[in-house]
Amino acid sequence: MLLSLSQPSFATLSRSLNRFGAWWLKEFRSLFPDRILQRIAGRGRTLLVVAVDQEDMTLELLTDGFVSTASERTAVRDDALAAIDRFLVSRGLDRLEVDIGLCLAVECAFGRQLLLPAEAGDAIDAIVAQDLAKKTPFKAEDIYSDHVARESAADGKIEIQQWITRRQFVHQALSRLGMSVENLTFIVFNGRGGVQPVPMINLRRQSQARGTWSQWMVPALCCSAIALWLLSGCLRYTNQQAALDRLSTDIAATSSKAAQVRKLFDQLQEKRSALVRLRLQRSEAPGLTDLWEETTRVLPPHSWLTEFRLAETGKRDAQVSLVGYSSAAPSLVGIIDGSRLFFDTALTSPVAFDATEGRERFALQSKVRLPEILKEATR
């Protein structure tokens, strides 16, 4: 039988794994000081933002958190890349080490927000593209767009922030700089300082693969979780094996003690039997206690007595009367008659089944052997 996950179940599992990964990463980072994290992670990519107005061009270096570290204002030239290279070299950088972005006026940006259910988390890009085509007059070939998704803690829905700008705005600015779109990594807009998240259009969304510490740390954390799970399994197996070894040792010790107890019990039984034989031999005739013990010994476990009588029929003769219940009453005649103290055993009334007790009711009597016959039998 094949089992398959439905799409909602898979989406739920994916979101649960993402939450677990985020929690695991957060807890792991909390174990280290900030300086250690920075040394492990390394610095993020440096951003170079190019802004152009009527006469001048502004170059500004930013951290990946959009914090300005250096800036320079120069005249607009046809070869802006040469000016960028000189600016970067003066600060010990190379163009390959930075991401170059174009800064446009905020009027060139169009922003929109969407709210999606949590189940749509695996198809955000496709949904945003379809919604843009259906609900806005923009055509995909005329615009640059990008979006950022974040989960709302209030209702669990996914908040989408999308920014759009026309390609003509970008191409007009680049034509004054003598640059092409291939030289750009992103587009930002004036007035970005107080907006969260930062309005930015990533032009290399699909191909960009940053070697940030979080991207290689997530697989590392997953591997560590698997390693911890395997270690836990090994420790559990080791503990179980140790418990089994201890149990085997305890069983061996207990078996040895049980064998000793059994041996002592057998010896006690032998001594008890010898004592019974000695008492019978020393007595002139079996007493009531002797006959009761002998009856108890030979009576099967499935039978019990409700009445036991000893009567003397002569000077040296005696007989016992037994009344009780048994699962096999007829077989009691041979069993009791085989005793060393009884003989000539017979039923005194027919065997009848008792529905209340669920057994056969019997009544029998047996003669007691004389002492001389008993002594001869025990020699």
### Message
Within this structure, what is the NE2-CD distance for the pair H302 and E360, rounded to the nearest 0.5 Å?
### Response
10.0 Å

### Message
Is the shortest side-chain heavy-atom distance between L332 and S303 below 4.5 Å?
### Response
yes

## Note on the structure
The side chain to side chain contact (heavy atoms under 4.5 Å, CB included) partners of E307 (sequence neighbours excluded) come to R309, V323

#### Entry: Contacts of type side chain to side chain contact (heavy atoms under 4.5 Å, CB included), residue A149, not counting sequence neighbours
I124, I158, I160

### Message
According to ring-ring contact (aromatic ring centres under 6.0 Å, His included), who are the partners of F308, at least two apart in sequence or on a separate chain?
### Response
W292

### Message
For F343, give me all partners under ring-ring contact (aromatic ring centres under 6.0 Å, His included), at least two apart in sequence or on another chain.
### Response
none

### Message
Could you check whether S326 and R359, counting side-chain N and O atoms only, form a donor-acceptor pair closer than 3.5 Å?
### Response
no

### Task
Consider only side-chain N and O atoms of Q365 and T348, and report whether a donor and an acceptor are under 3.5 Å apart.
no

## Note on the structure
What one should report as the nearest heavy-atom pair of S339 and E294 is OG-OE2, 2.7 Å

### Query
Relative to each other, are the rings of Y144 and H171 parallel, tilted or perpendicular (30° and 60° limits)?
perpendicular

### Query
Should R361 and D354 count as an ion pair when the cut-off is N to O under 4.0 Å?
no

## Note on the structure
Under a side-chain separation threshold of 4.5 Å, the hydrophobic residues clustered together with F265 are none

### Message
Donor-acceptor check, side chain of S256 to backbone of A253, threshold 3.5 angstrom: yes or no?
### Response
no

### Query
Going by the side-chain hydrogen bond (donor to acceptor under 3.5 Å, both in side chains) test, which pairs reach into residues 129-141, not counting sequence neighbours?
R112-D131, D131-K135

